[in-house]
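Down below is the structure, laid out as C-alpha cells.
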Amino acid sequence: MAELPFSTLDTLDPKGKRILLRVDLNVPMKDGKVTDETRIERIVPTIRELAEKGGRVILLSHFDRPKGKVVPDLSLQPIATALATALGRPVSFAHDCIGPDAEAAARSMQDGDILLLENTRFQPGEEKNDAGLSAALASLGDVYVNDAFSAAHRAHASTAGVAAHLPSYGGRLMQAELEALYAALENPERPVGAIVGGAKISTKLQLLENMLAKVDMLAIGGAMANTFLAAKGLQVGKSLIEKDMLDTARTIMEQAQAKNCDLVLPVDVVISEDFIAGAPTQVVPVTSIPDGWMALDVGPETVKLLQSKLSGLKTLVWNGPLGVFELPPFDEGTNAVAQAAAQLTQEGKLKTVAGGGDTVSALRHAGVLHKMSYVSTAGGAFLEWLEGKVLPGLTAISTTLEKTLPI
Ligand code: 3PG
Ligand code: MG
C-alpha cells in the first residue's frame with residue numbers, strides 16, 4: 001500500500017485540543033428531514049474517536065450552494081439533530097461559522113464536547129478561499145482535521161485555506177476513501193477492470209483516458225456506449241449519441257489497443273421506440289438496431305459477457321449505470337452486473353470500489369450497496385480522482401504533495 005499523503009489520527013493526541021473537523025454534511029434533505037444518512041453515518045467514527053479521546057470537536061461543513069449569502073432554508077441546524085442521533089451524543093450548534101457566536105460557543109466547550117458551526121457557504125469568502133476567512137476559521141481551533149473527501153475537489157477556505165494555519169490531519173473517512181482508491185487504482189491487485197457508465201463521453205473523456213492507462217479491462221455502458229458503437233460504423237437508430245465525439249471515441253478505442261487494455265462494449269441492447277415506462281421493448285444485437293428505436297440498456301448477452309469478464313478480475317472500479325436504471329425495465333442490465341460484482345466480492349474473489357454521481361443510487365437500487373468492498377461518499381471528488389486530478393483538499397493537508405495552491 002502506497003503511503004497516504006497526510007498524517008492520520010494515529011499521530012494526533014486530541015485530549016484538551018480544539019479540533020476543527022471539516023466534514024461533508026451536504027446530505028439529501030426533504031421537508032427539513034435527512035433522506036439519506038450515508039454521509040452522516042460515515043463520519044461518526046472520526047467524531048466519536050476524537051470526542052472519546054477528550055478532543056473538543058468543532059465541525060465545519062457546507063450545505064448546498066447558498067453562494068455566500070445567508071439562506072435560512074440551507075441552515076445546518078436540522079442536520080445537527082440528525083448527527084446527534086447518529087452519534088448518540090449531544091451536538092451543540094452556533095449560528096455562524098466565525099465571529100462572536102462561533103467564538104463564544106467554542107470557548108464554552110469542555111473536553112469531549114461536539115459543536116457544529118453554521119454552513120460555511122453562508123460566508124462570501126468560503127468559495128473564494130479567502131485568506132481572512134481561512135484565518136478566522138483557524139483561530140477557532142488548535143488543529144485541523146479534514147474528513148471530507150467528497151469536498152476535496154473544492155479549493156475553499158474550509159477545505160484548503162484553513163489548513164495552512166494549523167497542524168493538519170486526514171480523518172478516518174478520508175483515510176478509508178484514500179486507502180480504497182489506492183487499492184483500486186494506484187497499487188491494485190491485477191487484473192484490474194473498470195465499468196464506466198453514464199450518458200456522455202464529453203463529461204467523462206479525461207476519466208476514460210486516465211483509466212485506459214491504469215486498467216486491464218474497461219467496460220463502457222450507458223448512453224456513452226452508443227457513441228462508441230456509432231463510431232465503429234454501426235447503425236444506432238435514434239439512440240442518444242454525441243455526434244461531435246465520434247472521432248474522440250475512435251481515438252479512445254485506438255488508445256485502448258495501444259495500451260493493451262481490453263475495451264468492452266455492449267454486444268446486445270434493450271431497445272424501445274419511446275423513452276417512457278411500460279413502452280414495448282426488444283432485445284437486439286448491436287448490429288441490428290432498427291431505425292426509430294433507441295438503446296436504453298445493455299442486453300442479456302452483454303450481461304453474460306460482463307459477468308465472465310468480472311470473474312477474471314481481482315479488482316473492479318465502478319462508476320455509472322449501464323442503462324437508464326431509473327426507468328424499469330431498463331435497470332435490469334445494471335442490476336444483474338452489479339449483483340454479479342457483489343457476489344464475487346462476497347466470495348472474496350473480487351475487490352470492488354464504487355463511487356461518483358449516480359453510482360450509489362444505482363447500486364442501492366440493485367440491492368448491493370453494502371455488498372461492495374468500498375462505496376465512496378464522493379460524487380465529483382471521486383470522478384476527479386478517476387480523472388487523475390490532484391484534489392486541493394488533499395494537497396492542503398498533505399505532508400508529501402507540493403502545495404502549489406494559493407492557500
Ligand atoms: C458533493 O455533494 O458532491 C459535495 O458536497 C460538494 O458539493 P458541491 O458540488 O456543491 O461543491
Ligand atoms: Mg454536488
Side-chain angles (χ1 to χ4, degrees), residues 21-30 34-44 46-47 59-71 73-76 78-80 82-83 86 97 116-130 133-134 137 145-163 170-171 173-174 176-178 180-181 198 203-204 206-207 318-321 353-364 369 374-387 389-397 405 407:
L21 175 60
R22 179 49 158 104
V23 289
D24 189 351
L25 292 172
N26 191 24
V27 292
M29 302 264 291
K30 207 174 170 216
V34 177
T35 55
D36 180 338
E37 303 250 352
T38 309
R39 282 184 174 171
I40 293 179
E41 287 158 8
R42 302 279 286 276
I43 55 169
V44 160
T46 302
I47 301 174
L59 298 166
L60 289 175
S61 178
H62 74 283
F63 178 69
D64 213 319
R65 295 178 174 172
K67 298 196 172 3
K69 296 202 178 59
V70 176
V71 180
D73 280 352
L74 302 184
S75 171
L76 277 176
I79 298 178
L83 184 59
C97 65
L116 173 62
L117 303 179
E118 184 55 287
N119 195 342
T120 52
R121 288 190 186 168
F122 284 179
Q123 288 291 333
E126 165 70 333
E127 295 190 52
K128 299 188 185 107
N129 198 11
D130 176 72
L133 178 59
S134 300
L137 290 171
V145 179
N146 191 343
D147 215 19
F149 174 72
S150 50
H153 56 320
R154 307 293 181 214
H156 295 172
S158 70
T159 59
V162 63
L173 176 56
M174 181 70 97
E177 296 270 6
L178 274 243
L181 283 167
T203 58
K204 297 223 170 155
Q206 222 181 321
L207 186 155
W318 187 318
N319 170 254
V353 177
D358 277 347
T359 312
V360 172
S361 33
L363 296 179
R364 182 181 288 115
L369 189 59
Y374 192 81
V375 178
S376 177
T377 56
F382 189 87
L383 292 178
E384 290 200 21
W385 180 279
L386 297 192
E387 288 170 0
K389 288 196 182 138
V390 175
L391 307 181
L394 279 179
T395 314
I397 58 168
L405 289 150
I407 51 174

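Order of appearance sets the numbers: ligands from 1, and atoms from 1 within every ligand.
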For ligand 1, is there an atom lying under 4.0 Å from some heavy atom of Ala151? no

Do Leu117 and Leu59 pass the side chain to side chain contact (heavy atoms under 4.5 Å, CB included) test, and can you show the C-alpha distance, the side-chain angles, and the key distance before you say yes or no? CA-CA 6 Å; Leu117 303 179; Leu59 298 166; over 6 Å; no

Sub-3.5 Å donor-acceptor pair from the side chain of Asn26 to the main-chain atoms of Phe63, do we have one? no

Check for a donor-acceptor pair, side chain of Thr35 on one end and backbone N or O of Pro28 on the other, with a separation under 3.5 Å. yes

Among side-chain atoms of Arg22 and His156, is any donor-acceptor pair under 3.5 angstrom? no

Counting from 1 in the order shown, the ligand 1 atoms closer than 4.0 Å to a non-hydrogen atom of Asp24 are 4 (C), 5 (O)

For Ser150, take its heavy atoms, then give the atoms of ligand 1 lying under 4.0 Å from any of them. 4 (C), 6 (C)

Relative to Tyr374, does Arg42 satisfy both conditions: NZ or CZ under 6.0 angstrom from the six-membered ring centre, and within 45 degrees of the ring's axis? yes

Select one of side chain, backbone, both or neither to describe which atoms of Glu127 lie under 4.0 Å from any atom of ligand 1, heavy atoms only. neither

Atoms in ligand 1 flagged as close to Arg65, the criterion being non-hydrogen separation under 4.0 Å: 8 (P), 9 (O), 10 (O)

Can you find a non-hydrogen atom of Arg121 under 4.0 Å from ligand 1? yes

Examine distances only and state if a side-chain atom of Ser376 and a backbone atom of Gly355 form a donor-acceptor pair shorter than 3.5 Å. no

Any nitrogen or oxygen of His62, side chain or backbone, less than 3.5 Å from one on ligand 1? yes

Just which atoms of ligand 1 are under 4.0 Å from any heavy atom in Arg154? 8 (P), 9 (O), 11 (O)

Is a donor on one side and an acceptor on the other found under 3.5 Å between the side chain of Arg121 and the backbone of Glu127? no

If you measure every N or O of Asp64 against every N or O of ligand 1, does any of those distances drop under 3.5 Å? no

Proximity flag Arg39 to ligand 1, non-hydrogen atoms under 4.0 Å: yes

